[in-house]
Amino acid sequence: MLTLVLPDGATREVPYGTLPREVVGSIGPRLLLAAIAVAVDGEVQDLQTPLRKGGKFVVITEKDPRALDVLRHSGAHILATAVRRLRPDAKIGFGPAIEGGFYYDFEVAKPFTPDDLEAFEKEMAKVAAEKLPFVREEVSQAVAKQRFVDDPLKLERLEDFEGTDEIISTYTDGPFVDLCRGPHVPDTSYLKHFKLLSAAGAYWRGDEKRQMLQRIYATAFFKKDELDAHLHQMEEAKRRDHRVVGKQLDLFHFFPVAPGAAFWTPRGTTLYNTIQDFVQERQRDAFIEVKTPLLYTKKLWEQSGHWGKYKENMFLVLNNETDEHDMSLKPMNCPSHHLFFASHKHSYRELPMRYVTFDVLHRNELSGALSGLTRVRQFAQDDCHVYLREDQIADEVKFLMDFILGYYDAFGLTATLKFATRPPERIGSDELWDRAEAALRAALEATGRPYEMKEGDGAFYGPKIDFDVTDSIGRQWQLGTIQLDYNAPERFDLEYVGEDNAAHRPVVIHRAVSGSFERFIAILIEHFAGAFPVWLSPEQVRVLPIADDLAPQAEEIAKRMRAAGIRATYDQRNETLNYRIREAETMKVPYMAVVGRREAEAGTLAVRARGAAGKKQDIVSIDAFIARVTEEIRTRALTATGAEG
RNA sequence: GCUGACGUAGCUCAAUUGGCAGAGCACCUGAUUUGUAAUCAGGCGGUUGCGAGUUCGAUUCUCGCCGUCAGCUCCA
């Protein structure tokens with residue numbers, strides 16, 4: 001007998017192998033209708049999978065977030081059912097639920113077209129309407145092999161079960177059978193609100209050496225408004241796309257002759273420099289800024305370990321002297337900082353020493369991986385390497401963490417922390433890794449902040465804390481990082497002189513805040529949808545004279561603003577005021593300052609804040625306005641006075 | 001890199017089965033002198049990404065190259 005504990009504390013004794021369906025039905029027939037699946041001690045299983053253990057028994061209905069994964073996983077099967085009906089030659093791969101939806105991989109002779117997707121979507125609606133029950137069967141290896149005799153990918157998966165005592169199960173809906181662990185919704189009619197999103201190639205088991213399958217991405221929800229909201233969110237993300245907004249606001253370009261390397265326009269350069277200035281200002285006291293060469297011989301990369309582990313991603317340069325590609329553009333700043341540190345004797349009193357550099361880095365990303373500013377081949381980091389004593393790790397991690405979180409705060413971004421441990425491909429002994437992971441984890445724990453684990457996701461030289469930032473429409477981006485490195489000091493033979501007058505090995509921490517400026521700016525563009533706060537705006541005020549004869553005053557006013565440190569322009573073109581306002585709005589200029597005859601005589605401005613259409617005019621003196629804007633810039637206010645939210 | 005889609009004026013997009021490459025915006029000129037999101041008129045603007053091929057004829061069909069986009073961890 002198994003003991004089930006219901007949420008209200010009541011217990012049920014049921015025989016081993018009882019179906020959850022029976023238990024739920026006995027609690028209430030209406031609950032059975034609403035049930036999607038159940039969870040036993042937190043483990044989700046469907047209503048037709050026999051109970052094999054007792055524990056806390058929770059009925060999962062639509063309201064439970066875990067129900068969505070079940071629905072989506074079933075959606076994947078329904079997709080495969082539809083595809084098989086229309087393309088019987090399709091071999092099935094995997095079809096899991098993923099964050100935001102689900103996909104299914106197929107091996108087909110001819111890739112899918114958008115027309116195919118439309119047909120599949122219609123067929124899925126039919127399958128759903130047929131209300132086919134999902135039938136679970138637990139089968140032997142031999143029976144399973146029989147069942148998937150025409151599906152080589154499934155047979156390959158079955159081989160993994162050889163010699164294990166795992167239960168092999170299949171799920172059938174109508175004509176379609178899939179090797180599947182479950183859980184599933186009771187029948188296909190549960191899938192009501194779904195949409196096929198895209199099709200693209202995907203390697204079998206993510207391995208580029210294996211054949212390429214065709215993956216169809218889709219999403220599904222229980223309620224129509226949730227699906228609509230999801231699709232709307234995708235539209236919103238598209239509207240904010242930094243590649244589109246960057247063009248509208250004239251911030252950067254790409255040219256085919258420099259794939260993956262941005263050309264920054266005057267406006268984009270202003271934005272870029274403003275952000276870099278901000279970092280530099282924040283780092284003025286506790287950091288040491290240096291500039292280092294871009295090009296190095298391979299000797300340095302051999303010493304750092306990059307030549308062995310990272311060569312594929314480096315741009316190698318032909319050395320005329322040796323006639324070999326034995327030089328490389330730097331993909332990272334760390335080795336040059338190590339050279340700096342090693343160039344002098346250091347006392348323990350000097351530590352921690354924090355070197356920072358904003359140099360350009362080059363990484364040879366796969367051509368297919370390039371994407372706008374978020375994945376580029378040339379970029380700059382706000383890169384810092386800290387040299388410190390082992391006993392300083394906890395304090396330093398806290399210091400860096402506060403620095404990083406404070407920085408994001410200035411942009412209205414919030415971060416969550418991820419702790420990443422040793423990856424399979426790595427340098428350094430296990431003893432060093434043990435020490436590094438223990439030290440970093442202890443420092444992280446000491447800050448008292450919550451964090452998530454990312455096992456095996458560390459850098460090749462050490463464990464790290466990643467900062468994942470959430471933007472204004474809820475998307476997550478990995479930005480900052482704190483990486484602990486015991487290997488580099490060994491490789492570069494770094495030393496400091498301790499209190500005992502003996503040489504000691506320092507520890508290195510790699511730290512980035514923005515990740516790369518390129519990607520950070522892309523994120524800011526999308527975060528603010530191009531409507532930057534005043535301090536970041538490439539153009540902060542646009543002065544608009546109402547008629548030609550007021551142009552000299554407008555120019556004079558713009559000059560006064562510039563003298564006060566405001567990025568001000570004036571637009572005296574022979575166009576209507578409406579036209580010029582529209583253009584300033586389109587360019588997301590935070591303030592428009594209109595000068596008419598009344599204002600010119602009184603020394604005032606009629607100020608219109610961006611996005612404040614229909615609001616009553618704000619008549620202020622020029623001096624008061626300058627004071628207000630300079631104050632907003634100084635404090636780096638996130639919302640302008642009187643502007644949209 | 002691989003799979004697929006796409007590439008037409010500075011930008012956003014048209015161009016029936018292969019048959020004279022177009023529009024709006026931007027830009028220039030002129031008129032208008034403008035009070036809070038597009039004044040009117042005229043004009044300039046193209047090796048249809050690059051290179052081959054098929055054809056009487058290619059933006060359109062075929063091949064190669066370049067670039068852009070989606071995807072290539074999310075495990076039956």
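Because only heavy atoms are used, hydrogens play no part in the values below, and waters and symmetry mates are left out as well, while side chains stay in. Predicted, not measured: the structure shown is a model, and the values here were computed from it. Residue numbers begin at 1 in each chain, while the letters A, B, ... track the order of the sequences.
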Do any N or O atoms of the protein come closer than 3.5 Å to N or O atoms of nucleotides 64-66 of chain B, and which pairs are they?
none

*May I ask you to check whether Y591(A) and E632(A) show a side-chain donor-acceptor distance below 3.5 Å?*
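E632(A) and Y591(A) do have a side-chain donor-acceptor pair below 3.5 Å.
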*For R240(A), side chain to side chain donor-acceptor pair (under 3.5 Å) partners two or more places apart*: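 Only E236(A), S472(A) meet the side chain to side chain donor-acceptor pair (under 3.5 Å) criterion with R240(A).
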*Which residue lies toward the 5' end of RNA chain B, F112(A) or S371(A), if each is placed at its nearest nucleotide?*
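On the 5' side of the pair lies F112(A).
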*With nearest nucleotides of RNA chain B determined for G372(A) and R582(A) from heavy-atom distances, which residue corresponds to the more 5′ nucleotide?*
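Closest to the 5' end, via its nearest nucleotide, is R582(A).
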*Beyond-backbone contact of H242(A) with F252(A), side-chain heavy atoms, under 4.5 angstrom*: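 Touching, per the 4.5 Å side-chain cut-off.
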What is the distance, rounded to the nearest whole Å, between atom [atom1] of [X] and atom [atom2] of [N]?
X	N	atom1	atom2	value
L197(A)	G4(B)	CG	C1'	17 Å
I619(A)	G35(B)	CD1	P	15 Å
R243(A)	C69(B)	CZ	P	5 Å
L370(A)	A70(B)	CG	P	11 Å
K154(A)	C75(B)	NZ	P	13 Å
K209(A)	G1(B)	NZ	P	17 Å
I98(A)	A70(B)	CD1	P	15 Å
D207(A)	C72(B)	CG	P	15 Å

Any N/O pairs under 3.5 Å between the protein and nucleotides 25-29 of chain B? List them or say none.
{"unit_1": "A26(B)", "atom_1": "OP1", "unit_2": "Y579(A)", "atom_2": "OH", "d": "2.5"}
{"unit_1": "C27(B)", "atom_1": "OP1", "unit_2": "R573(A)", "atom_2": "NH1", "d": "3.3"}

*Between S74(A) and V185(A), is there a donor-acceptor pair closer than 3.5 Å when you use the side chain of the first and the backbone of the second?*
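Here the side-chain-to-backbone pair exists.
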*Please confirm whether the backbone N or O of A261(A) pairs with a side-chain atom of R377(A), one donor and one acceptor, at under 3.5 Å?*
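Judged by distance alone, no pair lies under 3.5 Å.
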I'd like a list of close polar pairs between nucleotides 5-12 of chain B and the protein, N/O only, cut-off under 3.5 Å.
{"unit_1": "U12(B)", "atom_1": "OP1", "unit_2": "K247(A)", "atom_2": "NZ", "d": "3.3"}

*Please name the residue in the list F112(A), F102(A), F194(A), Y103(A) that meets the ring-ring contact (aromatic ring centres under 6.0 Å, His included) test with Y217(A).*
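Going through F112(A), F102(A), F194(A), Y103(A) one by one, the ring-ring contact (aromatic ring centres under 6.0 Å, His included) with Y217(A) is satisfied by Y103(A) alone.
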*Out of curiosity, F532(A) CZ to L249(A) CG, how far, rounded to the nearest 0.5 Å?*
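Answer rounded to 0.5 Å: 6.5 Å.
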*Atom pair CD/NZ of Q211(A) and K91(A) - distance to nearest 0.5 Å*: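 The CD atom of Q211(A) sits 12.0 Å away from the NZ atom of K91(A).
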*Pairing annotation in dot-bracket form, given for RNA chain B with Watson-Crick or G-U pairs under 3.5 Å and | for cross-strand partners*: (((((((..((((.....[..)))).(((((.......))))).....(((((..]....))))))))))))....
*Using the C1' atom in both, what is the distance from G18(B) to C56(B), to the nearest Å?*
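Approximately 12 Å lies between the C1' atom of G18(B) and that of C56(B).
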Short N/O separations, protein against nucleotides 42-45 of chain B, under 3.5 angstrom:
none

*R72(A) charged N/C atom sitting above F221(A) aromatic ring, 6.0 Å / 45°*: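 Yes, R72(A) and F221(A) form such a contact.
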_Consider salt bridge (charged side-chain N to carboxylate O under 4.0 Å, His left out). Of K238(A), R243(A), R239(A), which one does D241(A) pass it with?_
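The option that passes is R243(A).
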